[in-house]
Amino acid sequence: MKANFLSLRETELQPVFSSLDSIVTSYLSLNKKPILLFTGEMGAGKTTFIREWFSRYGTNSSINSPTFSLYNVYDSHKFSLVHFDLYRIHSLEEMENLGFEEIWGKEDVSAIEWWQKAESILPKENRIYITIASNNFENRTYTIEWSEEEVS
């Protein structure tokens, strides 16, 4: 399935968040651990999207980019989010040594920025693709893609 949200400002993301909420809840209700795979240019708003989306769940965590720590864990009353930023990873060997594949799809909900670097070791199931494309300085287009068969 695919949902497109065209030319939105940061303050207009509620429809995108609602769609993502519904999809994530569908996975979790089936005891599946969704993996949110974020695609977008540097500065497109991936971390901002994650912060704004997850903060709605009442987390007390300070949500920021895990570029230097590589991952952060945020808790809420509904579920935990493990937020990865793979930008600084230089090789698949380095990634494998970190052991992230022991978390992806097995613990909580994962959100991964620059996930393409881990494509070959990511689980093939429970993926939710979120693409953010900059239209101009203020507007972005958001696309969410997922497998309807996995949540039916």
Side-chain angles (χ1 to χ4, degrees), residues 1-89 95 100-101 103-119 122-152:
M1 294 287 298
K2 188 177 198 176
N4 290 305
F5 303 87
L6 304 176
S7 199
L8 299 176
R9 297 173 192 252
E10 253 180 56
T11 57
E12 301 171 325
L13 292 176
Q14 189 55 46
V16 186
F17 293 158
S18 294
S19 289
L20 185 57
D21 290 344
S22 177
I23 298 162
V24 168
T25 299
S26 295
Y27 277 93
L28 293 173
S29 71
L30 297 169
N31 274 340
K32 296 180 178 185
K33 306 300 183 189
I35 305 168
L36 312 179
L37 303 173
F38 284 84
T39 301
E41 298 288 324
M42 179 73 73
K46 297 178 294 293
T47 298
T48 299
F49 182 96
I50 292 166
R51 178 178 47 250
E52 297 302 315
W53 173 68
F54 194 69
S55 66
R56 298 165 43 257
Y57 287 103
T59 183
N60 290 325
S61 301
S62 175
I63 300 172
N64 51 39
S65 177
T67 300
F68 295 102
S69 62
L70 301 180
Y71 77 98
N72 294 329
V73 179
Y74 315 120
D75 293 313
S76 77
H77 66 279
K78 192 163 183 174
F79 59 86
S80 293
L81 179 71
V82 186
H83 178 193
F84 297 86
D85 186 332
L86 305 182
Y87 182 76
R88 291 184 41 236
I89 302 294
M95 183 113 34
F100 293 157
E101 67 272 11
I103 298 171
W104 297 329
K106 297 178 179 117
E107 295 183 22
D108 306 308
V109 175
S110 296
I112 308 172
E113 298 183 42
W114 305 103
W115 62 272
Q116 296 85 345
K117 294 183 176 199
E119 170 65 34
L122 278 168
K124 301 300 180 211
E125 63 280 341
N126 304 333
R127 293 180 176 201
I128 302 169
Y129 299 91
I130 298 127
T131 302
I132 304 172
S134 299
N135 299 340
N136 56 45
F137 183 72
E138 291 185 357
N139 295 351
R140 308 279 188 269
T141 295
Y142 299 84
T143 303
I144 304 174
E145 296 180 72
W146 69 102
S147 169
E148 188 173 20
E149 294 80 32
E150 289 183 348
V151 292
S152 302

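Residue indices begin at 1 and follow the sequence shown. When reading the values below, keep in mind they use all heavy atoms of this one structure, side chains included, and skip hydrogens, waters and symmetry mates. Please read these numbers as outputs of a predicted model, since none were measured by experiment.
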Nearest 0.5 angstrom please: Arg56 CZ to Lys78 NZ, how far? 9.0 Å

Restricting to non-hydrogen atoms, name the atom on Ala118 and the atom on Leu86 that form the minimum distance, rounded to 0.1 Å. CB-CD1, 3.8 Å

Give a yes-or-no answer on whether the side chains of Tyr142 and Arg140 include a donor-acceptor pair shorter than 3.5 Å. no

What's the verdict on ring pair (Phe, Tyr, Trp, His ring centres under 6.0 Å) for Phe17 and Tyr57, showing C-alpha distance, side-chain angles and the deciding distance? CA-CA 11 Å; Phe17 293 158; Tyr57 287 103; 9.6 Å; no

Nearest-0.5 Å distance, OG of residue Ser69 to CG of residue Asp85: 8.5 Å

Decide if atom CD of Gln116 counts as having more than 12 heavy atoms of other residues, nucleotides or ligands within a radius under 6.0 Å. yes

Are the side chain of Lys117 and the backbone of Tyr87 linked by a donor-acceptor contact shorter than 3.5 Å? yes

Which heavy atom in Met95 sits nearest to a heavy atom in Glu101, and how many Å separate them? O-OE1, 4.1 Å

Is the shortest heavy-atom distance from the side chain of Met1 to the side chain of Val151 under 4.5 Å? no

Any idea which heavy atoms bring Asp75 and Ser80 closest together, and the distance? OD1-OG, 2.5 Å

The reported gap from OH in Tyr74 to OG1 in Thr59 (rounded to nearest 0.5 angstrom) is 9.0 Å

Backbone of Ser26 reached by a side-chain donor or acceptor of Ser29 within 3.5 Å: yes

State, with a plain yes or no, whether a side-chain heavy atom of Ile23 is found less than 4.5 Å away from one of Pro34. no

Would Glu119 and Arg127 pass as an ion pair if we require N to O under 4.0 Å? yes

Got a second to check how far Ile50's CD1 is from Ile63's CD1, nearest 0.5 Å? 9.0 Å

If you draw a 6.0 Å radius around CG in Asn60, do more than 12 non-hydrogen atoms from other residues or ligands fall strictly inside? no

With respect to Ser110, which candidate in Leu36, Ile103, Leu37 satisfies the side chain to side chain contact (heavy atoms under 4.5 Å, CB included) definition? Ile103

Val82 side chain reached by Glu107 side chain, heavy atoms, under 4.5 Å: no

Under 3.5 Å, side chain of Ser22 to main-chain N/O of Ser18, donor-acceptor pair present? no

Heavy-atom side-chain proximity of Val109 to Leu28 below 4.5 angstrom: yes

Glu150 and Tyr27 side chains, donor-acceptor separation under 3.5 Å: yes

Run Val16 and Phe49 through side-chain contact (heavy atoms from CB on, under 4.5 Å) and show every step you take. CA-CA 10 Å; Val16 186; Phe49 182 96; 3.6 Å; yes

Of all heavy-atom pairs between Ser134 and Ala44, which one has the smallest distance, and what is that distance? OG-CA, 4.0 Å

Rounded at 0.5 Å granularity, tell me how far CZ in Arg9 sits from CG in Asn139. 5.5 Å

Answer yes if the side chains of Ser147 and Glu125 hold a donor-acceptor pair under 3.5 Å, and no otherwise. no

Correct closest heavy-atom pair for Ser65 and Thr47 would be N-CG2, 3.6 Å

Between Trp104 and Phe84, ring centroids under 6.0 Å: yes

Lys46 pairs by side chain to side chain contact (heavy atoms under 4.5 Å, CB included) with which of Ile130, Ile132, Thr39? Ile132

Is the closest side-chain heavy-atom distance between Phe79 and Asp108 below 4.5 Å? no

State the CG-CD1 distance between Leu70 and Ile89, to the nearest 0.5 angstrom. 4.5 Å

If you take all heavy atoms of Leu81 and Ala111, which pair is closest and at what distance? CD1-CB, 3.9 Å

Within 6.0 Å of CD in Glu10, more than 12 heavy atoms from elsewhere: no

